[in-house]
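Encoded as structure tokens, the structure appears first; notes follow it.
As the structure is a prediction and not an experimental result, all values here were calculated from the model. In this chain, numbering begins with 1 at the start of the sequence shown.
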Amino acid sequence: IGWNVRSFDTVANQTPEKIVERILKNVKPGSIILLHDHLPAIIPILEQLLPALQNRNFTFVTVDELINYEPYESI
């Protein structure tokens, strides 16, 4: 699955605020945001990003729901 919003969360010296600002500037309905869950800053990023997206009336769905495709295997 491809993404269309790159967060640059792996770039050194990026604050969570700067990453969230970059994402919010580029996100649109149907966007898939690239984030790396192994990074220490992921929690502060999500704590800011998710409410900001909700305030803009975005909703969150799984990738298979977004692309309307049955997954190979359900978990």
Where Asn4 and Ser31 come nearest, the two heavy atoms and their spacing: OD1-CA, 3.2 Å

Those residues that, when tested against Lys25, pass side chain to side chain contact (heavy atoms under 4.5 Å, CB included) (two or more places apart): none

Hydrophobic cluster identity match, Ile19 and Ile43, side-chain contacts under 4.5 Å: yes

Pairs involving residues 35-49, ordered by first then second residue, that meet side chain to side chain donor-acceptor pair (under 3.5 Å) (sequence neighbours left out): Asp9-His36, Glu17-Gln48

Connected-component partners of Val11 among ILVMFWY, side-chain separation under 4.5 Å: Phe8

By side-chain hydrogen bond (donor to acceptor under 3.5 Å, both in side chains) - contacts of Gln14 (at least two apart): Arg22

Transitive ILVMFWY side-chain link Leu35 to Ile32, under 4.5 Å: no

Partners passing side-chain hydrogen bond (donor to acceptor under 3.5 Å, both in side chains) against Thr59 (at least two apart in sequence or in another chain): none

Side chain to side chain contact (heavy atoms under 4.5 Å, CB included) partners of Leu53, counting only residues at least two apart: Leu24, Val27, Ile33, Leu49, Phe58, Phe60

With sequence neighbours excluded, residues passing side-chain hydrogen bond (donor to acceptor under 3.5 Å, both in side chains) with Gln54: none

Leu39: hydrophobic cluster co-members (side-chain, 4.5 Å): none

Ile45 with Trp3, same ILVMFWY side-chain cluster at under 4.5 Å: no

Co-membership, hydrophobic cluster, residues Val5 and Val63, 4.5 Å side-chain: no

